[in-house]
S.K.: 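Below you'll find the structure I mean.
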There are 2 protein chains.
Amino acid sequence: MTDPIRLLLADDHRMLRETLKRSMLDEGFDVVGEASDGQEAVDLAEELQPDVILMDVTMPEIDGVEATRRIVEQRPDARIVMLTMHADQDVIAAAIRAGASGYLVKDCSFDEVAATVREAISGEVSQQVAASMLREAKGLADDAESVITKREIEVLQLIADGCATPEVAEQLFISQKTVKNHLASIYAKLDARDRTQAVLQAVRMGIVRLY
Amino acid sequence: MTDPIRLLLADDHRMLRETLKRSMLDEGFDVVGEASDGQEAVDLAEELQPDVILMDVTMPEIDGVEATRRIVEQRPDARIVMLTMHADQDVIAAAIRAGASGYLVKDCSFDEVAATVREAISGEVSQQVAASMLREAKGLADDAESVITKREIEVLQLIADGCATPEVAEQLFISQKTVKNHLASIYAKLDARDRTQAVLQAVRMGIVRLY
DNA sequence: TACGAATTGGGCCGCACGACCTATGTAGCC
DNA sequence: GGCTACATAGGTCGTGCGGCCCAATTCGTA
């Protein structure tokens with residue numbers, strides 16, 4: 001029997017974190033830490049050096065994809081399995097580019113979670129990730145190479161918070177015209193045609209938070 | 001030692017359902033069934049007659065609040081604890097009116113879940129529910145007495161799915177004008193000023209699903 | 001039977017929004 | 001020194017959108 005796999009759980013919902021922890025402990029994993037936001041995940045990843053990190057995409061402060069990017073930057077051998085609500089192609093592609101080793105939709109079974117974590121350790125990649133990598137290689141779905149900038153995220157978040165264009169401009173100390181320009185850029189990147197679709201897509205992708 | 005509390009879990013995310021089941025079993029509860037959508041929850045509630053139902057607000061087919069309404073209609077003594085992502089006043093109020101015995105945000109601890117289920121059995125109500133009932137009684141936040149109609153939900157869902165006004169009209173075989181009228185009514189009820197805010201609020205309330 | 005709510009529809013008005021084009025300053029990078 | 005990306009800002013144009021009037025039909029129900 002080898003040493004138990006050391007896990008770090010990162011999810012902003014305490015209920016899932018705690019129930020998942022109990023189940024993983026049951027399965028013989030060693031849960032060494034828990035993070036409730038992206039920044040905490042980055043910090044704990046460095047401090048605890050876990051074997052695998054189970055990380056939700058949608059988190060406060062820093063989203064899971066960005067947190068993955070920062071962790072992999074510091075430690076290229078880090079194994080990170082992403083969790084998400086929706087099976088969004090763009091998110092999967094972004095997660096892979098950020099350096100994730102696996103990808104799980106929250107609708108999967110617990111057995112799949114355990115299996116994917118073990119695969120992450122052994123170096124294998126999940127079917128979903130492999131399929132996406134294949135698609136990436138073929139260049140079929142690489143339009144996801146449209147990275148939303150920090151400023152664009154700020155605009156999206158303010159709109160999700162209920163601001164109209166003039167209010168977004170006021171909050172960010174820029175002109176309404178600039179806000180519109182950012183929006184136009186966002187529409188192109190997220191394949192949306194109006195602010196409603198853009199915000200919804202951003203929510204799906206975990207870029208923006210719903211309070 | 002009394003008989004274990006018989007539980008029915010209703011949540012569309014298999015991961016949470018399974019991990020929660022494991023944890024509840026650990027705690028001595030008897031999980032007699034699992035439902036992945038609102039209709040299944042209603043059916044299983046009648047079939048299994050569980051002591052307590054732990055039900056997510058956001059579910060396919062029928063949302064948790066409506067499912068609660070139907071279950072309570074058939075069995076007024078049913079104990080239902082609602083689960084949700086966001087602590088939305090309107091949702092809490094709607095859940096209470098539907099007949100829920102308790103209310104939990106998914107950011108709570110597992111101990112709180114277990115405690116609330118036990119309280120639901122003993123007839124006590126959680127602090128959150130009590131506070132909301134107080135507010136209801138005072139008539140402070142009873143603007144939630146604005147029930148979204150079926151037709152309005154259809155309009156909201158189509159907009160969330162990416163339709164603009166003309167497309168919604170086409171899908172529902174009605175004029176654009178009628179769609180606008182429904183939207184105006186929705187804005188008043190959800191305290192929104194445009195379709196973006198209306199859809200986001202609907203997502204928060206679990207009225208509309210994000211695919 | 002009569003009332004209210006839901007659903008349907010019309011017209012008008014003003015403005016916000018999105019499409020398209022151009023332009024400047026400021027970074028970072030090879 | 002150039003190249004690219006980002007953030008900033010302007011203009012114009014058409015139409016989608018929301019506010020505010022009103023009215024007809026159907027339906028459950030008091």
Side-chain angles (χ1 to χ4, degrees), chain A residues 66 69-70 73 94 97 142-202 207-208, chain B residues 65-66 69-70 73 94 97-98 142-202 207-208:
Chain A
E66 179 58 28
R69 206 185 321 276
R70 296 192 191 180
E73 201 177 322
R97 262 182 277 106
D142 59 345
D143 57 343
E145 189 54 65
S146 40
V147 185
I148 304 294
T149 67
K150 276 187 296 182
R151 200 55 162 175
E152 286 162 0
I153 292 178
E154 290 179 324
V155 171
L156 275 170
Q157 185 63 62
L158 283 170
I159 288 175
D161 292 346
C163 294
T165 304
E167 291 151 12
V168 174
E170 200 183 342
Q171 291 276 320
L172 299 179
F173 305 107
I174 55 180
S175 78
Q176 293 188 31
K177 185 56 206 163
T178 303
V179 175
K180 287 187 178 186
N181 286 0
H182 285 310
L183 279 171
S185 169
I186 289 166
Y187 297 152
K189 292 178 182 176
L190 296 190
D191 194 29
R193 56 176 168 181
D194 54 44
R195 54 191 64 212
T196 304
Q197 289 313 304
V199 170
L200 287 178
Q201 182 61 20
I207 292 171
V208 146
Chain B
V65 175
E66 179 58 28
R69 204 185 322 276
R70 297 191 190 179
E73 200 178 320
R97 260 181 281 106
D142 59 343
D143 55 343
E145 189 56 61
S146 40
V147 186
I148 303 294
T149 68
K150 277 187 295 181
R151 201 56 163 173
E152 285 162 0
I153 291 178
E154 289 180 324
V155 172
L156 276 170
Q157 185 63 62
L158 282 171
I159 289 175
D161 291 346
C163 294
T165 305
E167 291 151 12
V168 174
E170 199 183 342
Q171 292 276 319
L172 299 180
F173 306 106
I174 55 180
S175 78
Q176 293 189 31
K177 185 56 205 163
T178 303
V179 175
K180 287 187 177 186
N181 284 352
H182 285 310
L183 279 171
S185 169
I186 290 166
Y187 298 151
K189 292 177 182 176
L190 296 189
D191 194 28
R193 57 177 167 180
D194 54 43
R195 53 191 66 212
T196 304
Q197 288 313 304
V199 170
L200 286 178
Q201 182 62 18
I207 293 172
V208 147

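Order of the sequence lines sets the chain letters (A, B, ...), proteins ahead of strands, with each chain counted from 1.
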S.K.: Which of these nucleotides, C:dC17, C:dG10, D:dG10, is closest to any side-chain atom of A:Lys180?
M.R.: C:dC17
S.K.: Nearest of D:dA7, D:dG19, C:dC20 to any side-chain atom of A:Glu152?
M.R.: D:dA7
S.K.: Distance check: side-chain N/O of A:Thr149 vs OP1/OP2 of D:dA7, anything under 4.0 Å?
M.R.: yes
S.K.: Looking across every strand, which nucleic acid part, if any, lies under 4.0 Å from A:Thr165 by heavy atom: base, sugar-phosphate, or nothing?
M.R.: sugar-phosphate
S.K.: So which one's nearest nucleotide on DNA chain C is more toward 5', B:Phe173 or A:Pro166?
M.R.: B:Phe173
S.K.: Heavy atoms only, 4.0 Å cut-off, all strands: where does B:Thr178 land among base, sugar-phosphate and nothing?
M.R.: base
S.K.: side-chain contact (heavy atoms from CB on, under 4.5 Å) for B:Leu172 and B:Arg151? Distances and angles first, verdict last.
M.R.: CA-CA 9 Å; B:Leu172 299 180; B:Arg151 201 56 163 173; 3.8 Å; yes
S.K.: Would you mind reading off the distance between B:Leu172 atom CG and C:dG9 atom C1', rounded to a whole angstrom?
M.R.: 15 Å
S.K.: Return the value, rounded to whole Å, for the distance between atom CD1 of A:Ile148 and atom P of D:dC6.
M.R.: 10 Å
S.K.: Is B:Asp194 touching bases, backbone alone, or none of the nucleic acid, heavy atoms closer than 4.0 Å?
M.R.: sugar-phosphate
S.K.: When rounded to the nearest 0.5 angstrom, what distance separates OG1 in B:Thr149 from NE2 in B:His182?
M.R.: 6.5 Å
S.K.: Measure from CG on B:Leu183 to P on D:dG16 and round the result to the nearest Å.
M.R.: 14 Å
S.K.: Looking at A:Arg195, does any N or O in its side chain come under 4.0 Å of the phosphate oxygens OP1/OP2 on C:dC17?
M.R.: yes
S.K.: To the nearest angstrom, how far is B:Glu154 atom CD from C:dT7 atom C1'?
M.R.: 11 Å
S.K.: Please tell me if B:His182 has a side-chain N or O lying less than 4.0 Å from either OP1 or OP2 of C:dA6.
M.R.: no
S.K.: What's the spacing between A:Gln197 CD and B:Ile159 CD1 if we round to 0.5 Å?
M.R.: 9.5 Å
S.K.: Just how far, in rounded Å, is C1' of D:dG10 from CG of A:Asn181?
M.R.: 9 Å
S.K.: How close or far is atom P of C:dC17 from atom CD1 of A:Ile159, stated in whole angstroms?
M.R.: 8 Å
S.K.: Tell me: CZ of A:Arg193 to P of C:dC20, nearest whole Å?
M.R.: 14 Å
S.K.: Starting from the C-alpha separation in whole Å, work towards a yes-or-no answer on side-chain contact (heavy atoms from CB on, under 4.5 Å) for B:Leu158 and B:Glu167.
M.R.: CA-CA 9 Å; B:Leu158 282 171; B:Glu167 291 151 12; over 6 Å; no
S.K.: In whole Å, I'd like the distance from the CD atom of A:Gln197 to the P atom of D:dG16.
M.R.: 16 Å
S.K.: Heavy atoms from C-beta onward define the side chain here; which of C:dG9, C:dC17, D:dG11 lies closest to that of B:Ile174?
M.R.: C:dG9
S.K.: Ignoring the backbone of B:Arg151, work out which of D:dC20, C:dT8, D:dT8 is nearest its side chain.
M.R.: C:dT8
S.K.: Donor-acceptor pair, distance only, cut-off 3.5 Å: does the side chain of B:Arg195 make one with the backbone of A:Arg195?
M.R.: no
S.K.: Is the shortest side-chain N/O distance from A:Ser175 to OP1 or OP2 of D:dG10 below 4.0 Å?
M.R.: yes
S.K.: C:dG18, C:dG10, C:dC20: which one has an atom nearest the side-chain heavy atoms of A:Lys177?
M.R.: C:dC20
S.K.: I would like to know whether B:Glu154 and B:Gln157 meet side-chain contact (heavy atoms from CB on, under 4.5 Å); could you show each step before the answer?
M.R.: CA-CA 5 Å; B:Glu154 289 180 324; B:Gln157 185 63 62; 5.8 Å; no
